[in-house]
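Data block below; observations after.
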Amino acid sequence: MKKITNICCIGAGYVGGPTMAVIASNCPEIKVTVVDVNTQRIADWNGADLENLPIYEPGLKEIVSAVRGKNLFFSTDIEEGIKQAQMIFISVNTPTKTYGKGKGMAADLKYIELCARQIASVADEEKIIVEKSTIPVRTAQTIKTILENTGNKIKFQILSNPEFLAEGTAINDLQNADRMLIGGDHSTEEGRKAIDSLAAIYERWLPAERIIKTNLWSSELSKLTANAFLAQRVSSINAMSAICEKTGADVDEVARAIGADSRIGSKFIKSSVGFGGSCFQKDILNLVYISASLGLNEVADYWEQVLLINSYQRRRFAENIVTSLFNTVAGKKIAFLGWAFKKDTNDTRETAAMYVADLLLEETADICVYDPKVSQSKMYSNLEHLGTRSNEENEAHLKAVSDPYEACRDSHAIAILTEWDEFRSYDWQRIFDNMKKPAFIFDGRNITDCKKLTDIGFKVYQIGRGCNIASV
Ligand code: NAD
Ligand code: UDX
């Protein structure tokens, strides 16, 4: 087994940054260098102000402050990083393709391919390549082919080591991972040694029995499967929430009742305005594409339904706002509490908030957003990405403010899009007093106390509970 003393990670994003910080902190004898083409991102990782790291993640700044400059380095010198390392993690983005074959469905592997080509051209000695990015099953074969055909005839071992961290809890998820999955080639001595070298790193802080070793293809497919199963649970409970609203059942009570069944379990059955984040939609689209490409149309249809329910849930929430506000939100101020796709992150990729905003902007509402960690420019870039209207129009009708009470002042309605803890302890009487009447709250996360708000005078809608507003 090769003892690893130098690691390079290509991609300093939500996965590369936290993962490498945790490896560096647990393995002081390993030099870890995270490289990226994005010079601003690297400058931010190296910045003196730890409050302004490119990623907000609880516990991250403490770890970075402890190991940065000791055995954790951030650099734009990708070639040097590759040359020095015995093990190279590929943690680059694998977004949904926006062009050509598989547009809107398949994973875009151009960044993965670029990494493989760059490694091949620079490497002058044997290396272990670790796929950390989420990729379609059998991508390791593509990487292997590129490495073997374009390089300096160096031997590479390729491992699949998908990342299961969730944003907002990434440090804990890494430090106390339920399992660490390593896929590799068990049929050769070199393959087995490479798997053991990677396992030895994780065994520095994880019990050996949590390290699951599989073949490459099982590992790659397990990542897509895990995300599909998790998202499917959210869509299942969200589908039930619509039934609850029509029948008087309470979705949170239903979730508690079914979650007590140990076969079902209580996690990932919290009904919401819809799941967001960079992974679920992209990975399920990819799974749908793979299934269809394999001629498995029924399988493709099955997984696609998880996404259709998610869009339905977001649309249902937005349409309910319009209907409840007497069928028009034109020119009305709607306050958004939260924009991030979940609490404790500044990530807004695929956030439900942008879809709800987009629909309300189509109805010519004026939106005022407060989110403790998301900047206005990020909100505009999310809306620009949807491409429904010009940037000027988005900027004219959506503003972000840094004070939640300011966001809610003179609004006709408040929509809660993220479950930030601070929202639970607001002075709702003060908010109510400064709103237009009737004052509506649409709680897309079910974090408010319906009775308390109703007593103050609010008209309240909660997902799957209706509360005191009849929902559509
Ligand atoms: P990200 O966009 O935050 O970071 C990716 C980084 O890679 C970017 O900074 C980009 O500049 C850099 N990059 C792209 N091509 C490069 C190249 N050729 N050379 C150097 N740098 C390059 O993405 P992320 O959220 O960290 O996700 C990375 C991968 O991990 C994806 O495949 C994703 O599906 C997977 N994943 C993400 C999460 C998550 O919670 N975000 C969790 C598990 C797995
Ligand atoms: C997910 C997976 O959980 C993680 O294992 C994988 O590595 C990356 O994708 P992430 O997207 O960061 O992580 O967050 P997650 O906690 O899974 O939440 C995703 C979305 O689902 C969020 O918008 C969240 O609010 C929503 N959600 C989650 C619900 O609406 N209800 C739930 O019960 C759980």
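Just so you know, ligand 1 is whichever comes first in the structure, and atom 1 is the first atom listed for that ligand. In this text, all values refer to a predicted model and were calculated from it rather than measured experimentally. Residue numbers start at 1 and run along the sequence shown.
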Quiz prompt | Ring-face cation contact, F74 with R68, 6.0 Å cut, 45° max | solution =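 Because its charged atom misses either the 6.0 Å distance or the 45° angle limit, R68 does not stack over F74.
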Quiz prompt | Geometric cation-pi criterion, R314 with Y355: 6.0 Å, 45° | solution =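 Checked: cation-pi criterion met.
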Is [X] in polar range of ligand 1, meaning some N or O pair under 3.5 Å apart?
X	answer
R41	yes
S91	no
T94	yes
D36	yes

I'd like to know if the side chain of [X] reaches the main chain of [Y], judged simply by a donor and an acceptor atom lying under 3.5 Å from each other, with no hydrogens or angles considered.
X	Y	answer
N446	S272	no
S311	L307	yes
N238	I309	no
E131	A140	yes
E245	G464	yes
K127	I154	no
W45	A12	yes
S160	G183	no
W205	L174	yes
N152	D124	no

Quiz item: With a 4.0 Å heavy-atom cut-off (strictly under), which part of R349 contacts ligand 1: side chain, backbone, both or neither?
Solution: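 It is the side chain that touches ligand 1; the backbone stays farther off.
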Quiz item: Side chain, backbone, both or neither: which part of S133 comes within less than 4.0 Å of ligand 1 when only heavy atoms are counted?
Solution: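 Under 4.0 Å from ligand 1, S133 contributes backbone and side-chain atoms.
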Quiz item: Has K223 got any heavy atom lying under 4.0 angstrom from an atom of ligand 2?
Solution: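 So K223 counts as touching ligand 2.
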Quiz item: Under a heavy-atom criterion of less than 4.0 Å, does R445 contact ligand 2?
Solution: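 The answer is yes, since R445 has a heavy atom less than 4.0 Å from ligand 2.
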Quiz item: Which pair of heavy atoms, one from A116 and one from L147, lies closest together, and at what distance?
Solution: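 Heavy-atom minimum between the residues: O-CD2, 3.4 Å.
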Is the shortest distance from a Lys or Arg side-chain nitrogen in [X] or [Y] to a carboxylate oxygen in the other one below 4.0 Å?
X	Y	answer
R138	E220	no
K223	D283	no
K270	D252	yes

Among all the protein's non-hydrogen atoms, which is closest to [atom], and how far away is it?
atom	result
atom 18 (N) of ligand 1	C115 SG, 3.9 Å
atom 21 (N) of ligand 1	V37 N, 3.4 Å
atom 17 (O) of ligand 2	F268 CZ, 3.1 Å
atom 12 (O) of ligand 2	E167 N, 2.7 Å
atom 30 (O) of ligand 2	S272 OG, 2.6 Å
atom 26 (C) of ligand 2	F275 CB, 3.9 Å
atom 32 (C) of ligand 2	K270 O, 3.6 Å
atom 14 (C) of ligand 1	N93 OD1, 3.2 Å
atom 41 (N) of ligand 1	E167 OE2, 2.7 Å
atom 43 (C) of ligand 1	E163 O, 3.2 Å
atom 44 (C) of ligand 1	T134 OG1, 3.5 Å
atom 24 (P) of ligand 1	Y14 N, 3.9 Å
atom 19 (C) of ligand 2	F280 CE1, 3.6 Å
atom 16 (O) of ligand 2	K342 NZ, 2.8 Å
atom 27 (N) of ligand 2	V234 CG2, 4.0 Å

Could you tell me whether some N/O pair between [X] and ligand 2 is separated by less than 3.5 angstrom?
X	answer
F164	yes
L230	no
A166	no

Practice problem: Pick, from S266, G259, G276, G277, the option with the minimum heavy-atom distance to atom 20 (C) of ligand 2. | Solution: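 Heavy atom nearest to atom 20 (C) of ligand 2 belongs to G276.
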Practice problem: Look at atom 29 (C) of ligand 1 and find which of T39, V92, I78, V15 reaches it with the closest heavy atom. | Solution: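 That would be V92.
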Could you tell me whether [X] approaches ligand 2 through its side chain, its backbone, both or neither, with non-hydrogen atoms closer than 4.0 Å?
X	answer
R233	neither
N227	side chain
C279	side chain
I237	neither

Quiz prompt | Close approach, Q118 and ligand 1, non-hydrogen under 4.0 angstrom | solution =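 Per 4.0 Å heavy-atom rule, Q118 does not contact ligand 1.
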In terms of atom number and element, which parts of ligand 1 are under 4.0 angstrom from non-hydrogen atoms of [X]?
X	value
I10	19 (N), 20 (C), 21 (N)
N38	11 (O)
K223	43 (C)
Y111	15 (N)
K282	33 (C), 34 (O)

Provide the number and element of each atom of ligand 2 under 4.0 Å from a heavy atom of [X].
X	answer
I269	33 (O)
E163	7 (O)
L165	4 (C), 5 (O), 6 (C), 7 (O), 8 (C)

Quiz item: Under the criterion side chain to side chain donor-acceptor pair (under 3.5 Å), which of T351, N346, N382 is the partner of W339?
Solution: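 The side chain to side chain donor-acceptor pair (under 3.5 Å) with W339 is passed solely by N382 among T351, N346, N382.
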Practice problem: Hey, can you tell me if F442 and F440 have their rings parallel, tilted or perpendicular (30° and 60° cut-offs)? | Solution: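 Ring orientation, 0 to 90° scale: parallel.
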Classify the side-chain pair [X]/[Y] by whether it contains a donor and acceptor separated by less than 3.5 Å.
X	Y	answer
S218	N215	yes
D44	Q40	yes
Y380	E384	no

Exercise. Name all pairs fulfilling the salt bridge (Lys or Arg N to Asp or Glu O under 4.0 Å) condition that reach into residues 156-178, sequence neighbours left out, sorted by first residue then second.
Key: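 Residue pairs passing salt bridge (Lys or Arg N to Asp or Glu O under 4.0 Å), neighbours aside: K132-E163, E167-R349.
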